[in-house]
Amino acid sequence: MGNCLVLRNEAKNKQIVLKNNSISSIFLMKALFRQVDITSIVFMRIVFGGLAFGEMMGLFAYYHLTKDTFNPEKFNFRYHILDWVRPLPEPYLSMVFIIGLVAGLGILLGKCYRISCIVTFLVLMYAFSMEQSLYLNHGYLMIWLSFILAFFPMNRSFSLDVVKRPEIRLKTVPVYFQFILAFLMGVVYFYGGIAKMNPDWIRAQPLLIWMEYKKDLFVIGPIIKQDIVAWIMAWGGLLLDLSCAFLLMFRKTRKFGMTLAVGFHITNVLIFNIGAFPWLSICLSLMFFPPDLIPNFLKWLDKKWSFFGRLRERHNIRFAHYGGPMNLYDRRVKRMKFVLIALASVHLLIPLRHHLYTGNVNWTEEGHKFAWRMMLRNKNGKGEFIIKDAEGKIIKRESGRSLLTRRQWHKMIGQPDMILQFAQHLGEKYESEGHSGVSVYADIELKLNDNEYQQFINPEVDLMKQKWHAFKSEDWIMPFEYSH
């Protein structure tokens, strides 16, 4: 009898727990589907469109027209899963970038919005796939955003799409659109902080090295060359990245967290040339604030700038009879909870993949990209490739500098997958010149931060016989040992 009562009580307790969990889940989903002002995500559309246009202009005007980075006649480093991507000949490649520029403006103005997002995604993806040495974290983030934002209703207010079709206007949307943007930025912050928890960063490396390079900067140069500045930036950056998302999540600490974030990003703008990333990060950080922040700011702006106020008033009068809440019973909206889970899973798991490999990720680079591992290492390399014929006789010793741009060579010398690509390119080059049974060896030494030079690639391994493995450590990369 006693056992029956115990079992009955346990079953009752389990039912209560399940019920409470169910209530919590329902409450969470209701909170995410709460209708809020659409202005915040429209603001992000305008910001992102402007930054995407600027990024596209940099790729087109600087890297393509000025540096000739995407010349199909030259060697390009590609990602192994995208090694089939090739630069188009002129004038087709310029046409691609011009289409991308138009798409960036389309996002900013809300014209053919979804098509503009998809075109921006494809052009950015194509540009970064053509040349791996151009990889930057902000470029990766912009590729992700251009794809994700195609599914957001960011063109449903204050856009040319609404001017053409007023019936699509919305005044409110579920808050989960803003939540997704905040989540993406939170992942960038947190994983950036986790990556900084390594022995070199704790010793303010490589910032001590970089600050020495920046000593000639106007006004701030004499200040930042002081060692204490590098130490403050190293520990301050570590603590900020680890805590920023959590500070922004709570009302009492949100303003403090935003102040730190703005100071951090503006400092990076003044010292380092890292493109659009600081501005994009600041705007995404605003998505942690309540949805009425930006609408209230615009109302304040209406009073301060009469021209801006009149413009908004005309817009509101013209579309006064249009707009309402987003239909939460739409099938696309119902499926969004599964999209949220998939998105969270991808962004939480990809940065952890370096744990699948052995060795120091800052040395081997295995799992370094796409993981928000930002500004963690300074690498200086030296050495050469040794090309031999079938009989083992040396055909030539080649440093690679004459065949690569300066950026390509400096990126390649510290990244094993790029060394492998170039070694096999050299082998194919000499085979095409009539040599048979060509083998290529890399005798390269590398200096990671302020550590001593060490052998980077096993000089006895024929790189023509090697393949890059997606989830397996390469045994021809020499192990790293700290010299401190």
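Nothing here was measured: the structure is a model prediction, and the numbers come from that model.
The side chain to side chain donor-acceptor pair (under 3.5 Å) analysis of residues 46-57, with sequence neighbours excluded, yields the pairs E55-H138.
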**OP:** For the pair L184 and H347, evaluate side chain to side chain contact (heavy atoms under 4.5 Å, CB included) and give the outcome as yes or no after the intermediate values.
**Re:** CA-CA 8 Å; L184 289 172; H347 279 276; 3.6 Å; yes

**OP:** Show your reasoning for whether side chain to side chain contact (heavy atoms under 4.5 Å, CB included) applies to V361 and H368.
**Re:** CA-CA 6 Å; V361 61; H368 180 90; 4.1 Å; yes

Original post:
Does the pair Y191 and W372 meet the rule for a ring pair (Phe, Tyr, Trp, His ring centres under 6.0 Å), with working shown?
Top reply: CA-CA 6 Å; Y191 278 110; W372 313 118; 8.8 Å; no

**OP:** List the steps, then state whether ring pair (Phe, Tyr, Trp, His ring centres under 6.0 Å) holds for F297 with W300.
**Re:** CA-CA 5 Å; F297 173 75; W300 174 84; 5.8 Å; yes

**OP:** Walk me through it: do M233 and I271 pass the test side chain to side chain contact (heavy atoms under 4.5 Å, CB included)?
**Re:** CA-CA 11 Å; M233 290 180 65; I271 299 176; 4.1 Å; yes

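Between the side chains of E366 and H469, no donor-acceptor pair of N or O atoms lies under 3.5 Å. Between the side chains of S159 and D161, not a single donor N or O lies within less than 3.5 Å of an accepting N or O. For N137 and R373, the side-chain atoms include no donor-acceptor pair closer than 3.5 Å. A donor-acceptor contact under 3.5 angstrom links the side chains of N449 and D200, judged on distance only.
Between E365 and R377, at least one side-chain nitrogen of the basic residue sits less than 4.0 Å from a carboxylate oxygen of the acidic one, meeting the salt-bridge criterion.
Inter-residue side-chain proximity for I180 and F152 is flagged as met; some heavy-atom pair is nearer than 4.5 Å. With contacts defined as side-chain heavy-atom distances shorter than 4.5 Å, the pair T364/H354 does not qualify. Within the 4.5 Å cutoff, no side-chain heavy atoms of T69 are placed close to those of K74. For the pair P325 and P174, the minimum side-chain heavy-atom distance is 4.5 Å or more. At a threshold of 4.5 Å between non-hydrogen side-chain atoms, the residues F480 and L448 count as touching. By the 4.5 Å heavy-atom criterion applied to side chains, F60 and I98 are counted as neighbours.
Remark: H80 pairs with D417, Q421, W468 by the side-chain contact (heavy atoms from CB on, under 4.5 Å) rule, at least two apart or across chains. Qualifying side-chain contact (heavy atoms from CB on, under 4.5 Å) partners for Y79, counting only residues two or more places apart in sequence or in other chains: L82, Q132, Y135, K369, F370. With sequence neighbours excluded, the residues forming a salt bridge (charged side-chain N to carboxylate O under 4.0 Å, His left out) with K196 are D241, listed by chain and number. Under the rule for a salt bridge (charged side-chain N to carboxylate O under 4.0 Å, His left out), E73 has no partner lying at least two apart in sequence or in another chain. Among residues two or more places apart in sequence or in another chain, the side chain to side chain donor-acceptor pair (under 3.5 Å) test is passed with R407 by none. Partners of R318 by side-chain contact (heavy atoms from CB on, under 4.5 Å), not counting sequence neighbours, listed by chain and number: V163. In this structure E474 satisfies the salt bridge (charged side-chain N to carboxylate O under 4.0 Å, His left out) test with no other residue, sequence neighbours excluded. In this structure K171 satisfies the salt bridge (charged side-chain N to carboxylate O under 4.0 Å, His left out) test with no other residue, sequence neighbours excluded.
Taking each heavy atom of V162 and S157 in turn, the nearest pair found is CG2-N, 3.6 Å. Nearest heavy atom pair, residue P72 against residue P87, reads CB-O, 3.6 Å. Here the closest heavy-atom approach between residue L242 and residue M197 is recorded as CD1-SD, 4.1 Å. The shortest heavy-atom contact between A230 and L207 is O-CD1, 3.7 Å.
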Which atom pairs, one a donor and one an acceptor, fall under 3.5 Å between side chains of residues 245-257 and the rest of the protein, sequence neighbours left out?
unit_1	atom_1	unit_2	atom_2	d
T253	OG1	L247	O	2.7
T253	OG1	F250	O	3.4
R254	NE	L248	O	2.8
R254	NE	F288	O	3.2
R254	NH2	M249	O	2.8

Hey, can you pull the donor-acceptor pairs under 3.5 Å for the side chains in residues 278-287, sequence neighbours left out?
unit_1	atom_1	unit_2	atom_2	d
S281	OG	F277	O	2.8
S285	OG	Y189	OH	2.7
S285	OG	S281	O	2.8

Return a table of donor-acceptor pairs under 3.5 angstrom between the side chains of residues 117-127 and protein atoms on other chains or two or more places apart.
unit_1	atom_1	unit_2	atom_2	d
T120	OG1	S116	O	2.8
Y126	OH	R86	O	2.7
Y126	OH	L88	N	3.1

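Note that CD1 of I168 is 11.5 Å distant from OH of Y113, once rounded to the nearest 0.5 Å. Distance check: M211 CE to I220 CD1 gives 8.5 Å after rounding to the nearest 0.5 Å.
Between W144 and Y140, the angle of the ring planes goes over 60°, which puts this pair in the perpendicular group of the 30/60° scheme. The aromatic rings of F70 and H64 lie tilted to each other, with the angle between the two planes from 30° to 60°.
At least one donor-acceptor pair under 3.5 Å links the side chain of E131 to the backbone N or O of S133.
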